[in-house]
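Working notes, structure below.
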Number of protein chains: 2
Amino acid sequence: MLKLSRLTDYAAVVMAQIARHPQASHAAADLAEAVQLPHPTVSKTLKMLVKAGLLVSQRGVQGGYRLARPASHITAADIIAAIEGPVAMTECSQAEGECDLAATCGVADNWQRVSLAIRTLLESVTLAHLADTTPIKLPVQLPIQSISLASA
Amino acid sequence: MLKLSRLTDYAAVVMAQIARHPQASHAAADLAEAVQLPHPTVSKTLKMLVKAGLLVSQRGVQGGYRLARPASHITAADIIAAIEGPVAMTECSQAEGECDLAATCGVADNWQRVSLAIRTLLESVTLAHLADTTPIKLPVQLPIQSISLASA
DNA sequence: TAATTGGGTACCATTTTAGTCCTGTATAAA
DNA sequence: TTTATACAGGACTAAAATGGTACCCAATTA
């Protein structure tokens, strides 16, 4: 299904929540309340986002989390990578060494191109887009079609 | 990682193998040999592809598998869906009923737009592309960029 | 009728994921 | 300096998904 993990979903929701009030410091408990998810789980997610450098944290009274940089400079790919690791479609596309089956595979190159296209797409969607409640109007039909046609 | 399952990877490899010899009937054992994967696993994958309507099978002596339609009319999205179910990024984007958290989610709409863009991309890549050993040249930089800009 | 080849399904082992909890540490206010 | 607050890090468990195998049945053809 090419599905995101549930934690990644949480991460996006939480990041969006923070992005809507960028000047404030957000405690984990407050965020959990705001998005109606269990505190420990939200907390775990936040820690991962800090480790990935998307959030900065402040301990102690009045502490909490803030964006590490403007929402327009944080991409969907960043958020996904923070929770799930590098965005890649196949195992061989992230392994260092060659895949044992490279000789008989025959699709590796083109899969990687598709993977790259998806990554580029995800890098072009920012947290600012996601946090905005007004829809992004994606004119997917035409530009995307042109990608496949390029090979024909 | 937005990664495909390993079986999906196998499916793509096997489909590409069949697509390169579209007129022949391919027995599961022969395909397993050709792609250097265990027979039972390849067999399982083939059954899923038949059930999804991407391959047709013939039992008995000289039986085997063939493409159900030309490789140019089978998409990457078809293959992924055959193994993993419908292509969707989030759980809520495939569930019938509303998500309980819809009220506090705040990113649902735009995630779905991203999901749609990816699906459209995957639908634009055909098995003919994947089976071709010459690379598809994807000019991803420009057209994809234009998608995000459309919201700005 | 016998050999071949796919269909369907059940099953198990392993890995991944989700979720919780506990202990430690930094901060700020009293 | 003490104390309450809030994050850091990691261990741990339970549940689910995944990968892989095996078995028996059905269809086809020689």
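All chains are named by letter (A, B, ...) in the order of the sequence lines, taking the proteins before the strands, and each is independently numbered beginning at 1. The figures here come from the full heavy-atom set of this structure, side chains too, leaving out hydrogens, waters and symmetry mates.
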Please tell me if the side chains of [X] and [Y] come closer than 4.5 Å, counting only heavy atoms from C-beta onward.
X	Y	value
B:L122	A:I118	yes
B:L67	B:M15	yes
B:R69	B:L54	yes

* **Closest non-hydrogen atom pair between A:G53 and A:A68, with its separation** =>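 Nearest pair, atom of A:G53 first, then A:A68: O-CB, 3.3 Å.
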
* Asked: Between B:A77 and B:E123, what is the shortest heavy-atom contact and its length?
  ->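 In this case the closest contact between B:A77 and B:E123 is CB-CG, 3.6 Å.
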
* Kindly compute the distance separating CZ (B:R6) from OG1 (B:T45), expressed to the nearest 0.5 Å. =>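 Rounded to the nearest 0.5 Å, the CZ-OG1 separation comes to 11.5 Å.
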
* Any chance you could measure B:K47, atom NZ, to B:Y65, atom OH, to the nearest 0.5 Å? =>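 Answer rounded to 0.5 Å: 6.5 Å.
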
Can you measure [X] atom [atom1] to [N] atom [atom2] for me and round it to whole angstrom units?
X	N	atom1	atom2	value
A:M48	D:dA8	CE	C1'	13 Å
A:L46	C:dG19	CG	C1'	15 Å
A:Q62	D:dA6	CD	P	7 Å
A:R66	C:dT27	CZ	P	14 Å
B:I83	D:dG20	CD1	P	13 Å
A:L4	C:dT16	CG	P	18 Å
A:L7	D:dA17	CG	C1'	15 Å

* Decide yes or no, distance alone: a donor-acceptor N/O pair under 3.5 angstrom between the base of C:dG8 and the side-chain of B:K47. =>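 A donor-acceptor contact between them is present.
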
Please write out each protein N/O paired with an N/O of nucleotides 10-15 of chain C under 3.5 Å, distance rounded to 0.1 Å.
none

* DNA chain C-proximal residues of residues 29-42 of chain A, any heavy atom under 4.0 Å ->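 The answer is A:P38, A:P40, A:T41.
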
* Taking only residues two or more places apart in sequence, or in another chain, which ones meet B:A34 in a side chain to side chain contact (heavy atoms under 4.5 Å, CB included)? ->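 Per chain and number, B:A34 pairs via side chain to side chain contact (heavy atoms under 4.5 Å, CB included) with B:Q17.
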
Please determine whether a side-chain nitrogen or oxygen atom of [X] lies at a distance below 4.0 Å from atom OP1 or OP2 of [N].
X	N	answer
A:Y65	D:dA8	yes
B:Y10	D:dG19	no
A:Q58	C:dA28	yes
A:S57	D:dA8	yes
A:R6	D:dA16	no

* Between B:R113 and B:N110, is a side-chain contact (heavy atoms from CB on, under 4.5 Å) present by the stated rule, with each step listed? -> CA-CA 5 Å; B:R113 275 164 232 280; B:N110 284 331; 3.6 Å; yes

* Considering only side-chain heavy atoms of A:R59, which listed nucleotide, C:dG6, C:dT27, D:dT29, is closest? ->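 For A:R59, the side-chain atoms sit closest to C:dT27.
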
* Could you check A:S5 against A:V61 and say which one's nearest nucleotide on DNA chain C is further toward the 5' end? =>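 So the residue in question is A:S5.
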
* **Whether over 12 other heavy atoms sit under 6.0 Å from B:H73 NE2** =>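 At most 12 heavy atoms, drawn from other residues, nucleotides or ligands, come within 6.0 Å of this atom.
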
